[in-house]
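Only one structure is covered here, and it is reproduced in the block below.
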Amino acid sequence: MTWAVISTWKMSWKGCTLAADLLRQGLRGSEAVIRGIQDVEDNPEFRSVGYGGLPDEEGRVLLDGAFMNGDSLHFGAVAAMEGFRSPIAVAHSLAKYDFNNFLAGKGAEKYAAENGFERRNNLTEESRAIYEKKRGESQSLSAYDGHDTVCFAVLDQMGSMYTGVSTSGLFLKKCGRVGDSPVAGSGFYADSRLGAACATGVGEEIMKGVLSYNALRNLKAGMSPQEAAETAVSELSETLIQRNGKARSMSLILLDNRGNFGVGTNIRFPFVYAAETSSSTLYLAEAENGRCRITPVEDKDSLDID
Ligand code: GLY
């Protein structure tokens, strides 16, 4: 059986290549999602996820993460969780239950502590320094400054599909603010009979269009993966421009259940894709008249976006 993996941003290159190796060996897609995302969560150079993530307005790194099993439709999610290494690992663990799948704040931290998840102070000296420098200037920050979610969608050799996401959310967000990432349907969705999708960008915009689920509905209606993804993003963008005068950044990755990918964006958006028939490749998607121009990036170092 074929396999495939797609992930958001250049920062996921190493994690995506690792996930592809696991899928090639026939491991479960859940393992590939977790290991791929943890590679990003553990890297302090990426300031929008895990260790080294940028803090909220009180200087605390509060993390969101989610995992979904496309066979059973079970999901697990954590929001505003502080002091633990891996939101994706905790979210994955929560997906095995029938109730209490989405835990926030103190509840998420209590569950993680009781179940032996590794603790970590995710605020690095570098992130603290950026916070100290910028907090006085917070009025001039745009909502998207310094923030991107790592998202993975996977098809494994057993035909099962999974998604996972992890983020520190908006830099200087209000204490307790939660974006789209841990919200099923908006930040992620997986159904092994159809496909898997996940989103990155400004959560407040993505949630207005329940973006990931909506893209899969397009797939179900008969669109190709590329049409399904770009239509979901462009229709939501258009609606927001009509109603509010502007649409903030949003991007979406999608796999169908045969491993074909689709991507939608209203910005310049790098992503990584690997499959049985194609080694890990970094692509750049660029919004163009409601469609997406997608080009492979030969020289990763030349790309100015992480
Ligand atoms: N997309 C992640 C967030 O808005 O927090």
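We use all heavy atoms of the structure for the numbers below, so side chains are in, but hydrogens, waters and symmetry mates are not. Ligands are counted one by one from 1 in listed order, and the atoms in each one are counted from 1 as well.
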Worksheet item: Are any side-chain N or O atoms of N122 and backbone N or O atoms of F84, one a donor and one an acceptor, separated by less than 3.5 Å?
Response: yes
Discussion item. Using a 4.0 Å cut-off to any heavy atom of D180, which atoms of ligand 1 qualify?
Written reply: 1 (N), 2 (C), 3 (C), 4 (O)
Response to the item:
If we number the atoms of ligand 1 from 1 as shown, the ones under 4.0 Å from a heavy atom of G201 are 1 (N), 2 (C), 3 (C), 4 (O)
Worksheet item: Would you say R177 touches ligand 1, if touching means a heavy atom closer than 4.0 Å?
Response: yes
Worksheet entry | NZ/NE/NH1/NH2 to OD/OE distance under 4.0 Å, R128 and E132 | no
Discussion item. Below a 4.0 angstrom heavy-atom separation, can you tell me which part of R248, side chain or backbone, both or neither, approaches ligand 1?
Written reply: neither
Practice prompt. Report yes or no: does T200 have a heavy atom closer than 4.0 Å to ligand 1?
Written response: no
Discussion item. Using a 4.0 Å cut-off to any heavy atom of T149, which atoms of ligand 1 qualify?
Written reply: 1 (N), 2 (C)
Practice prompt. Identify whether the distance between the nearest side-chain nitrogen and carboxylate oxygen of R135 and E57 falls below 4.0 Å.
Written response: no
Worksheet item: Looking at S181, which atoms of ligand 1 are within less than 4.0 Å of one of its heavy atoms?
Response: 1 (N), 2 (C)
Worksheet item: Any N or O on I206 sitting closer than 3.5 Å to an N or O of ligand 1?
Response: no
Worksheet entry | Ring centers of F46, W9 separated by less than 6.0 Å | no
Fill in: Note: R291-E227 ion pair, threshold 4.0 Å (strictly below)
no
Worksheet item: Is the F261 to F271 ring centre distance short of 6.0 Å?
Response: yes
Discussion item. Do S93 and Y111 pair up side chain to side chain, a donor and an acceptor below 3.5 Å, judged on atom types alone?
Written reply: yes
Worksheet item: Is there any N or O on G203 that sits under 3.5 Å from an N or O of ligand 1?
Response: yes
Discussion item. Within ligand 1, which atoms have a heavy atom of G169 less than 4.0 Å away?
Written reply: 5 (O)
